[in-house]
Amino acid sequence: MTLLAAILARAAKAAITLLMIVILNFFLIHAAPGDPAAVMAGENGAADQIYIDQLRAQFGLDQPLYVQFYKYVGGVLQLDLGYSYRQQMPVLDLILDRLPATLLLTMTAFGMSLLLGVVFGLAAAARVGRWSDSAITGMALLFYATPLYWVALMAVLLFSVQLNWLPAFGYESVGAGYTGLAMVLDRLRHLALPALTLGLFFMAVYLRMTRSSVLEVSQMDFVKTARAKGLSEGIIRRRHILRNALLPVVTLAGLQAGQLVGGAVLTETVFAWPGIGRLMFDSLTARDYNTLLGVFLVSAAMVILFNILTDIVYRLIDPRIAAGGAA
Amino acid sequence: MTRFARNRGALLGLLILICVVLLAVFAPLLFPDSPWKMVQRPFLPPLAVEGMPLGTDTLGRNVAAGLVYGARVSLIVGLVSTAVALLIGIPLGALAGFYGGWIDEGAMRFTEFFQTIPSFALAIVLVAILEPHLTSITLAIAIVSWPPVARLVRAEVLSLRRREFVDAARLAGLSNMRILFGHILPNAMSPIIVMASLMVATAILLESSLSFLGLGDPNIMSWGYMIGAARTVIRTAWWLSFIPGVAILLTVLALNLIGEGLNDALNPRLARKGR
């Protein structure tokens with residue numbers, strides 16, 4: 001199978017998954033407690049029946065379920081995710097407004113955690129059984145067991161309240177009016193703590209995966225052959241073990257990326273980071289179900305997209321898949 | 001058993017877990033008052049007043065009582081949601097692995113679908129829509145945690161169903177269901193037990209995250225709620241966020257250590273690789 005055909009097949013599968021999530025979303029919206037028309041009327045301070053009926057007609061809530069379903073799915077296909085009565089804005093605009101901040105945060109955290117996880121995992125595997133291995137795996141175990149939001153709070157306590165090194169919340173210094181390099185530096189300072197706390201948990205995950213994968217590959221026959229051939233330990237490590245050990249780590253890391261979006265809800269809530277995670281938290285407290293489910297849909301779409309990207313990267317770095325398909 | 005006992009980490013984990021369970025079980029004896037009751041001045045630091053070893057929170061409630069009652073919620077939600085997840089995942093994975101064909105195809109597509117959805121986001125949406133309640137929280141956690149079970153059980157059944165003891169059972173005239181649930185699954189139990197112990201840990205983290213976001217059962221004191229409520233006063237009363245977090249960390253760490261110990265004891269062939 002060529003790369004293009006593989007990507008097309010993958011995209012078709014993703015489209016089906018996405019459609020199923022849209023359908024699930026529709027039923028979740030209808031399972032949400034409260035009549036949206038009554039809620040809206042209450043917001044506007046007029047709860048008489050005529051007004052409620054009028055709102056219901058205006059937003060199509062008086063039509064049979066299958067008509068509403070048809071309209072909802074059609075709307076989503078045209079990128080209409082409904083209207084946030086609370087924020088008086090289309091949900092899609094709200095999300096698009098916040099999406100860059102979340103992408104910046106999750107991508108930074110992902111890159112950092114993968115890099116650190118692989119480096120520490122390799123270090124631990126190279127010193128397997130010694131105290132430095134125990135120290136690294138112990139650290140991973142600790143981060144693996146710590147609630148993400150609690151690490152975030154403790155980081156604020158240490159680095160912002162006690163040491164006053166880094167800002168505790170927000171995306172940039174309000175009213176500072178930085179431009180150019182100063183602005184970039186200011187944003188990076190704000191990004192540091194959220195990205196670090198979000199990344200630590202995933203670093204622990206990737207560290208454990210890398211360590212066990214390297215140890216597993218080290219026992220395989222081709223490594224013994226390489227050693228019997230008289231290759232130097234460094235070459236065996238780099239060319240034989242590392243390449244084979246990292247493949248499953250990259251795949252699993254790509255599949256795990258969905259968890260990052262969930263973690264972002266917690267991190268963004270603690271650091272008042274203006275991303276879709278924070279938007280999700282705000283819509284929870286405001287009982288704004290349209291926005292809540294819109295964020296859910298978009299984050300699921302992001303995960304699917306990321307999985308496809310992982311698939312492509314995997315095909316590029318592991319030529320066996322393409323070759324096996326063509327033969 | 002001896003292999004488990006030789007693992008120092010696992011023993012430490014077991015010790016911590018026993019302490020947490022004892023505290024949870026004897027909560028009403030240790031603290032007869034409701035953990036919601038305001039008993040003292042607010043913001044008392046730990047050890048400041050007799051009978052309030054961990055101080056009081058923003059409303060003057062006893063932090064130690066909250067901690068002990070919170071242990072109950074964490075353990076119950078962790079155990080029950082894992083049990084429900086096993087009840088969904090084991091039959092689905094077993095049937096998929098045993099029958100193969102379109103049953104396998106359908107079951108695995110279904111599982112894949114749930115694995116694609118970001119699990120914490122789905123849990124948030126489910127609890128928000130079902131209204132926060134102990135039942136809805138447990139159910140939501142179970143719904144997001146069963147897919148790995150189904151995949152594991154399917155893989156185990158696939159590797160076991162061609163074994164000789166299965167052929168022997170078939171020759172003896174046993175029905176498919178008897179073979180699957182009476183002969184194949186019992187042989188697949190050890191990796192399932194290991195996974196279950198790690199799932200309880202994850203479920204406790206999930207529950208605490210949900211209640212941190214304000215999606216906890218409003219009538220039940222939980223660790224995540226305590227941290228969430230103390231978040232805004234972190235500058236003046238840091239210990240209010242610190243203490244419940246340590247409780248979560250210790251409990252989850254203990255369960256992870258036990259899980260690893262069980263893994264080493266039950267799957268010695270895999271474990272030796274790491275040592």
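Chain A is the first sequence line, chain B the second, and so forth, proteins listed ahead of strands; every chain is numbered from 1. Keep in mind it's a predicted model, so treat the numbers as computed, not measured.
When all heavy atoms of A/G294 and A/V91 are compared, the closest pair comes out as CA-CG1, 4.1 Å. The minimum heavy-atom distance between B/R154 and B/D104, with the atom names listed, is NE-OD1, 2.6 Å. The two atoms that bring B/S241 and A/W150 nearest to each other are O-NE1, 2.9 Å, heavy atoms only. Taking each heavy atom of A/I308 and A/A14 in turn, the nearest pair found is CD1-CB, 3.7 Å. Between B/M195 and B/L152, the shortest heavy-atom distance links the atoms SD-CD2, 3.8 Å. Considering all non-hydrogen atoms of both residues, B/V153 and B/G93 come closest at CG1-C, 3.9 Å.
In this structure, A/F120 has its ring center no closer than 6.0 Å to that of A/Y206. Between A/Y144 and A/F201, the distance from one ring center to the other falls under 6.0 angstrom.
Close approach to chain A, defined as a heavy atom under 4.5 Å from one of its heavy atoms, is seen in B/F242, B/G245, B/V246, B/I248, B/L249, B/V252 of residues 242-252 of chain B, taken by number. The contact list for residues 208-218 of chain B toward chain A, using heavy atoms and a distance under 4.5 Å, reads B/S208, B/S209, B/F212, B/L213, B/L215 by residue number.
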Please tabulate, for side-chain N and O atoms in residues 110-118 of chain B, each donor-acceptor pair with protein atoms closer than 3.5 Å (sequence neighbours left out).
residue: B/T111; atom: OG1; partner: B/A107; partner atom: O; Å: 2.7
residue: B/E112; atom: OE1; partner: A/K13; partner atom: NZ; Å: 3.2
residue: B/Q115; atom: OE1; partner: B/R151; partner atom: NH1; Å: 2.8
residue: B/T116; atom: OG1; partner: B/E112; partner atom: O; Å: 2.8

Under the criterion side-chain hydrogen bond (donor to acceptor under 3.5 Å, both in side chains), I'd like the reasoning laid out for B/E131 against B/S136: C-alpha separation, chi angles, the key distance, then a yes or no.
CA-CA 7 Å; B/E131 301 274 289; B/S136 64; over 6 Å; no
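Ranked by non-hydrogen atom pairs under 4.5 Å with chain B, the options A/V261, A/L24, A/L28, A/V156 are led by A/L28. Listed options B/V125, B/L126, B/I129 were ranked by heavy-atom pairs under 4.5 angstrom with chain A; first place goes to B/I129. Ranking A/T137, A/L148, A/T269, A/L292 against chain B, the residue ahead of the rest is A/T269, based on heavy-atom pairs under 4.5 Å.
With a threshold of 4.5 angstrom between heavy atoms, B/A201 does not approach chain A through any atom at all. For A/L260, no part lies near chain B; criterion is any non-hydrogen pair under 4.5 Å. For A/L293, the part lying under 4.5 angstrom from a heavy atom of chain B is the side chain only. If you measure heavy-atom distances from A/M280 to chain B, the contacts under 4.5 Å come from the side chain alone. For a residue to count as touching a neighbouring chain, one of its non-hydrogen atoms must lie under 4.5 Å from one of that chain's; by this rule A/L153 touches chain B with backbone and side chain alike.
With A/I276 as the fixed residue, the side chain to side chain contact (heavy atoms under 4.5 Å, CB included) test singles out one of A/L103, A/I95, A/V265: A/I95. Of the residues listed (A/N244, A/V249, A/I241), the one engaging A/V214 in a side chain to side chain contact (heavy atoms under 4.5 Å, CB included) is A/I241, and it is the only one.
Judged as a side chain to side chain contact (heavy atoms under 4.5 Å, CB included), and not counting sequence neighbours, the contacts of A/V151 are A/T146, A/T197, A/L200.
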